[in-house]
Amino acid sequence: LYLMKKHYEKLYFHLKEIEIYPSLYSMNWFLTLFFCNNRIPDTVIRIFDIYLFDKEKAIYRFGLAMLKANEEKILSTKEYDKLLYIFKGI
């Protein structure tokens with residue numbers, strides 16, 4: 001939460017207000033190292049390469065990047081169920 005608040009304050013407060021916490025959406029990302037949701041093979045290889053080099057730091061950076069890439073969609077949604085559906089597709 002600290003990193004999200006530090007880098008994406010608007011997103012942090014939006015999700016906090018709706019009571020959506022990282023454990024609800026990021027667990028699948030972290031457990032699968034972002035290989036979920038049929039990512040493009042070249043992207044998966046690059047993510048794994050960076051993970052091997054940077055270890056845990058890479059996981060958090062990718063998580064933040066995924067939030068940033070979908071920030072507009074997340075901020076425009078105010079319903080709990082719809083946000084969880086959006087996170088499922090990220």
Side-chain angles (χ1 to χ4, degrees):
L1 284 175
Y2 170 77
L3 290 174
M4 188 189 328
K5 186 176 181 181
K6 180 180 177 184
H7 296 287
Y8 308 118
E9 190 173 329
K10 198 175 194 180
L11 193 57
Y12 168 82
F13 285 112
H14 177 70
L15 293 174
K16 185 176 180 181
E17 179 183 329
I18 301 171
E19 296 183 2
I20 293 192
Y21 301 100
S23 59
L24 293 172
Y25 57 84
S26 65
M27 189 65 78
N28 193 39
W29 297 347
F30 295 161
L31 288 176
T32 64
L33 292 177
F34 304 92
F35 294 112
C36 55
N37 298 331
N38 300 318
R39 304 254 183 254
I40 300 167
D42 290 341
T43 304
V44 171
I45 292 168
R46 183 69 180 132
I47 288 171
F48 193 66
D49 185 42
I50 294 170
Y51 170 73
L52 291 174
F53 183 75
D54 283 340
K55 309 289 184 251
E56 305 86 34
K57 290 179 185 179
I59 292 174
Y60 296 113
R61 288 179 186 145
F62 290 126
L64 289 172
M66 291 175 78
L67 289 172
K68 182 62 177 174
N70 293 279
E71 183 176 23
E72 187 176 311
K73 191 186 315 182
I74 294 168
L75 289 174
S76 68
T77 306
K78 303 206 181 297
E79 295 177 39
Y80 184 89
D81 294 338
K82 287 184 179 180
L83 275 170
L84 289 181
Y85 183 76
I86 288 170
F87 279 117
K88 187 176 180 180
I90 294 177

For residues [X] and [Y], report the shortest heavy-atom separation together with the two atoms involved.
X: I74; Y: H14; value: O-NE2, 3.0 Å
X: M4; Y: L67; value: CE-CD1, 4.0 Å
X: Y80; Y: E19; value: CE1-O, 3.5 Å
X: N70; Y: M66; value: ND2-O, 2.8 Å

#### Entry: Stepwise side chain to side chain contact (heavy atoms under 4.5 Å, CB included) check, Y85 with T77
CA-CA 11 Å; Y85 183 76; T77 306; over 6 Å; no
How many angstroms lie between [atom1] in [X] and [atom2] in [Y], if you round to the nearest 0.5 Å?
X: K16; Y: E9; atom1: NZ; atom2: CD; answer: 11.0 Å
X: K57; Y: Y51; atom1: NZ; atom2: OH; answer: 13.5 Å
X: S26; Y: F62; atom1: OG; atom2: CZ; answer: 15.0 Å
X: E71; Y: K68; atom1: CD; atom2: NZ; answer: 4.0 Å
X: E79; Y: I86; atom1: CD; atom2: CD1; answer: 10.0 Å
X: I59; Y: I50; atom1: CD1; atom2: CD1; answer: 12.5 Å

Taking [Y] as the starting point, is it possible to reach [X] by hopping between hydrophobic residues whose side chains are less than 4.5 Å apart?
X: L52; Y: Y60; value: yes
X: L75; Y: I20; value: yes
X: Y25; Y: F13; value: yes

### Task
Taking the side chain as every heavy atom from C-beta outward, state whether F87 and L15 have any atom pair closer than 4.5 Å.
yes
### Query
Who are the ring-ring contact (aromatic ring centres under 6.0 Å, His included) partners of Y12, not counting sequence neighbours?
none
